[in-house]
Peer 1: 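Supplied in structure tokens, the structure appears directly below.
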Amino acid sequence: MLAWILVGLLAIYGAVETVRRLRLAAQLAAAQAQLTEAAMRDELTALLNPAAFQAQVDHKAQRVKQSGGSFCVLYVGLDNFERLNDGFGESVGDALLLEAARRIATAKGIEMEACRMFGSEYALLVSGGDALGTGMAKSILAKLAEPFDTQGLNTRLSGSVGIAVYPEHGAPEKIVGHAAVAMRSVKAGGGNDFCVYDPQMGMEIREQVKLVNDLRAAIAQHQLQLYFQPKIDAATLQVTAAEALLRWHHPQRGFVSPVVFIPLAERHGLIGDIGRWVIDEACRHAGKWREKGLRMRVAVNISGYQMREDDLVDRIEAALARNRLQPGRFTCEITESVAMEDTKVTRQTFERMRRAGLHVSIDDFGTGYSSLAALRKLPAAEMKVDRAFVCDLEDSEDARIIVSSILHMAKALNLRVVAEGVETAGQCDLLVKMGCNELQGYLFSKPVPGDEIQRLAIEGLGFGGAGFSDSLFQPTNLAKL
Ligand code: C2E
Ligand code: CA
Ligand code: CA
């Protein structure tokens with residue numbers, strides 16, 4: 001009897017032990033699966049990490065090899081993200097990256113396996129050819145363009161998307177890299193767009209590296225020059241200012257546009273040196289004009305990078321003092337998009353500009369997303385209507401409506417409006433009728449060297465037969481300057 005009880009107890013114990021072991025094994029397997037899953041995921045966004053993404057690409061390529069078809073890799077980079085991260089700190093930066101990841105992974109409403117490559121770069125794998133890839137890219141860009149409302153910061157982001165298709169664009173281990181090359185080519189063109197990989201693109205990047213090296217040499221060998229273009233008062237036809245514009249005559253390539261080399265200089269850390277030189281050189285010319293009795297301001301384009309430099313205003317003040325110029329004679333042209341960044345650093349720089357008494361102008365106006373409230377906070381005295389609107393003025397009702405609303409807004413803010421890129425007498429008439437204060441463009445003068453602007457100013461500029469008379473440049477009371 002006792003033996004039976006013992007056997008029974010042992011059996012019960014054995015069963016309990018088996019259940020316990022099974023439970024432990026299941027727990028262990030779950031923990032291992034979690035660990036494996038975690039090892040595949042990016043910590044911040046929980047998207048796949050690059051190694052796990054490459055494994056998916058390899059797997060998908062294997063399936064395409066066996067049963068045909070194609071797939072795309074979309075490589076997405078957020079434009080100018082570092083600026084926001086630097087300006088608002090990492091916690092806001094992380095929140096933006098997380099929200100961008102969510103939008104990218106669910107663009108078109110489909111949950112997709114997406115990957116965070118590093119920093120503000122992501123990759124996606126999509127079944128199908130380039131038509132599908134470009135459709136997806138458009139929907140990602142649209143999602144990113146919606147306002148971000150994160151930790152009290154209301155901002156907008158844009159992205160650049162590169163698309164590479166397997167098998168057309170190379171082996172499985174190359175395809176992600178090729179999509180990244182396409183993305184960089186979009187960024188080089190200003191971003192906020194997409195393009196499909198082209199084997200030429202690798203070359204373009206090599207070309208860019210060469211151009212950057214040449215630019216470095218050009219700075220060292222003083223090959224850069226400043227040209228100046230007058231701004232003209234619409235009512236009196238007096239020259240009020242001259243805008244300094246950089247010129248680079250490359251020994252082999254000839255003229256290289258600042259639209260090409262300024263963004264390169266910004267990306268490769270050369271804009272600091274260039275920007276400092278431009279300020280000194282512009283003030284040196286303005287000093288010479290002043291000696292001739294010319295009262296015009298000198299306007300300098302200030303890049304986003306310079307707005308984040310601690311000593312920008314100190315440097316401007318020093319250059320002004322060296323050339324015995326008043327701060328109000330120096331215009332800082334800052335593009336609307338940079339002005340609207342509204343980071344702690346840019347706010348500080350604007351405040352320093354205001355305290356120093358510099359003349360501030362909002363450039364390329366109409367291309368960004370300024371609100372009246374945001375504009376009111378800036379110490380600006382002038383805004384420049386972007387050339388794109390001026391150029392369409394005669395043919396497009398929309399352009400006329402935009403320019404007219406810019407003029408109304410400027411009036412409400414007590415700002416003077418300069419129209420840039422005025423090329424025809426028709427545009428000029430319309431602008432004057434609409435109440436534009438100042439005009440700038442080829443109709444009056446192309447940008448010319450500093451000495452030439454002095455000559456033109458003194459001898460009188462030609463303007464549609466009307467001509468500028470010597471009286472425009474009254475002898476200046478130097479004591480007043
Ligand atoms: P921006 O500040 O908007 O300068 C106006 C551009 O329009 C200049 O081009 C000027 O030559 C051109 N322009 C002026 N009038 C007309 C016209 O009637 N018709 C046409 N088609 N174009 C006209 P540019 O000199 O090629 O400069 C392009 C951009 O490069 C500038 O745009 C500015 O953003 C940048 N840039 C130039 N110099 C500097 C600089 O010293 N520093 C910085 N940060 N940027 C600069
Ligand atoms: Ca400008
Ligand atoms: Ca402009």
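One-based numbering along the sequence shown. First listed ligand is number 1; within each ligand, the first listed atom is number 1.
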Peer 1: Please determine if the Ca ion (ligand 2) has an N/O/S atom from N301 lying under 3.0 Å away.
Peer 2: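 Coordinating: yes.
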
Peer 1: At a 4.0 Å threshold, what atoms of ligand 1 neighbour a non-hydrogen atom of E420?
Peer 2: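 Within the 4.0 Å cut-off of E420, ligand 1 contributes 3 (O).
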
Peer 1: Would a distance-only check, ignoring hydrogens and angles, find a side-chain to backbone donor-acceptor pair under 3.5 Å from R400 to L393?
Peer 2: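 Confirmed, R400 side chain pairs with L393 backbone.
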
Peer 1: Give the residue and atom name of whichever protein heavy atom lies nearest to atom 29 (C) of ligand 1, and the separation in Å to one decimal.
Peer 2: V259 CG2, 4.1 Å

Peer 1: Give me the ring orientation class for H178 and Y197: parallel if the planes are under 30° apart, tilted from 30 to 60°, perpendicular past 60°.
Peer 2: parallel

Peer 1: For R387, is there any backbone N or O sitting under 3.5 Å from a side-chain donor or acceptor partner on E420?
Peer 2: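 Judged by distance alone, yes, a pair lies under 3.5 Å.
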
Peer 1: Using a distance-only test with no angle check, is there a side-chain donor-acceptor pair under 3.5 angstrom linking D233 and T240?
Peer 2: no

Peer 1: Between atom OG of S445 and atom CZ of F228, what is the distance when rounded to the nearest 0.5 Å?
Peer 2: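 So the gap between those two atoms works out to 12.0 Å.
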
Peer 1: I need the atoms of ligand 1 closer than 4.0 Å to a non-hydrogen atom of S303, numbered in the order shown.
Peer 2: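 The list of qualifying atoms is 44 (N).
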
Peer 1: Starting from atom 3 (O) of ligand 1, find the nearest protein heavy-atom neighbour and note its residue, name and distance.
Peer 2: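 So the nearest neighbour among protein heavy atoms is D364 OD1, 3.3 Å.
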
Peer 1: Give the contacting part of V278 toward ligand 1: side chain, backbone, both or neither, where contact means a heavy-atom distance below 4.0 Å.
Peer 2: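 Side chain only.
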
Peer 1: Could you tell me whether the side chain of R247 and the main chain of F255 form a donor-acceptor pair under 3.5 Å?
Peer 2: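 The answer is no, because no donor-acceptor pair under 3.5 Å joins these two groups.
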
Peer 1: So, regarding E333 and ligand 1 (criterion: nitrogen or oxygen to nitrogen or oxygen, under 3.5 Å), is there a contact or not?
Peer 2: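 Between E333 and ligand 1, no N or O pair is found under 3.5 Å apart.
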
Peer 1: Strictly distance-based, threshold 3.5 Å: is any side-chain N or O of T349 a donor or acceptor partner for the main-chain N or O of V345?
Peer 2: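 Here the side-chain-to-backbone pair exists.
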
Peer 1: Out of all atoms in ligand 1, which are within 4.0 Å of some heavy atom of G441? Include the element for each.
Peer 2: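 Numbered from 1, ligand 1 contributes 15 (N), 18 (O).
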
Peer 1: Distance to 0.1 Å, residue and atom name: give those for the protein heavy atom nearest to atom 15 (N) of ligand 1.
Peer 2: Q229 NE2, 2.9 Å

Peer 1: What protein heavy atom sits nearest atom 6 (C) of ligand 1, and how far off is it?
Peer 2: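 Protein heavy atom with the smallest distance to atom 6 (C) of ligand 1: R387 NH1, 3.6 Å.
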
Peer 1: Look only at interatomic distance and state if D363 has a nitrogen or oxygen under 3.5 Å from any nitrogen or oxygen of ligand 1.
Peer 2: yes

Peer 1: Could you please compute the angle at the Ca ion (ligand 3) from OD1 of D363 to OD1 of D364, rounded to 10°?
Peer 2: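 Taking the Ca ion (ligand 3) as the apex, the two atoms subtend 80°.
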
Peer 1: Just checking: E333, one of its N/O/S atoms, less than 3.0 Å away from the Ca ion (ligand 2), yes or no?
Peer 2: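 Yes, since at least one N, O or S atom of E333 sits under 3.0 Å from the Ca ion (ligand 2).
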
Peer 1: To check your reading of the model: name the closest protein heavy atom to atom 4 (O) of ligand 1, its residue, and the distance in Å.
Peer 2: L245 CD2, 3.6 Å

Peer 1: Can a donor-acceptor pair be found between the side chains of T150 and E99 at a distance below 3.5 Å?
Peer 2: no

Peer 1: Can you report which non-hydrogen protein atom sits closest to atom 20 (C) of ligand 1, along with the distance?
Peer 2: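 The closest heavy atom on the protein side is E423 OE2, 3.1 Å.
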
Peer 1: Looking at ligand 1, does any of its N/O atoms fall within less than 3.5 Å of an N/O of E243?
Peer 2: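 Right, the criterion is met.
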
Peer 1: Look up atom 32 (O) of ligand 1 and tell me if a protein heavy atom lies less than 4.0 Å from it?
Peer 2: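 No, no protein heavy atom sits under 4.0 Å from atom 32 (O) of ligand 1.
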
Peer 1: Report yes or no: does R329 contribute a side-chain atom to a donor-acceptor pair with the main-chain N or O of A286 at less than 3.5 Å?
Peer 2: no

Peer 1: Using atom types as modelled and distance alone, determine if a side-chain donor or acceptor of R116 lies under 3.5 Å from a backbone N or O of G119.
Peer 2: yes

Peer 1: For the Ca ion (ligand 3), does an N/O/S atom of E420 lie at less than 3.0 Å?
Peer 2: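 True for E420.
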
Peer 1: Quick one: look up the protein heavy atom nearest atom 18 (O) of ligand 1 and list residue, atom name and how far away it is.
Peer 2: Y442 N, 2.8 Å

Peer 1: I need the nearest protein heavy-atom contact for atom 42 (N) of ligand 1: residue, atom name and distance, please.
Peer 2: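 Of every protein heavy atom, N301 O, 3.4 Å lies nearest to atom 42 (N) of ligand 1.
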
Peer 1: Which residue from S257, P263, P258 reaches closest to atom 30 (O) of ligand 1 through any of its heavy atoms?
Peer 2: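 The residue whose heavy atom sits nearest atom 30 (O) of ligand 1 is P258.
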
Peer 1: For a quick check under 3.5 Å, do D310 and Q348 share a side-chain donor-acceptor pair by atom type?
Peer 2: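 D310 vs Q348: no donor-acceptor pair found between side chains.
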
Peer 1: Is there a nitrogen or oxygen of L246 sitting under 3.5 Å from a nitrogen or oxygen of ligand 1?
Peer 2: yes

Peer 1: Under 3.5 Å, is there a donor on one side chain and an acceptor on the other for T331 and E382?
Peer 2: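 No donor-acceptor contact under 3.5 Å links the two side chains.
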
Peer 1: Using non-hydrogen atoms of the residue, decide whether Q440 is closer than 4.0 angstrom to ligand 1.
Peer 2: no

Peer 1: Among the N, O or S atoms of E243, which one sits nearest to the Ca ion (ligand 2)?
Peer 2: OE2

Peer 1: Using a 3.5 Å distance criterion without hydrogens, assess whether the side chain of D386 forms a donor-acceptor pair with backbone atoms of A388.
Peer 2: yes

Peer 1: Does the R290 side chain pair with the main chain of R324, one donor and one acceptor, at a distance under 3.5 Å?
Peer 2: yes

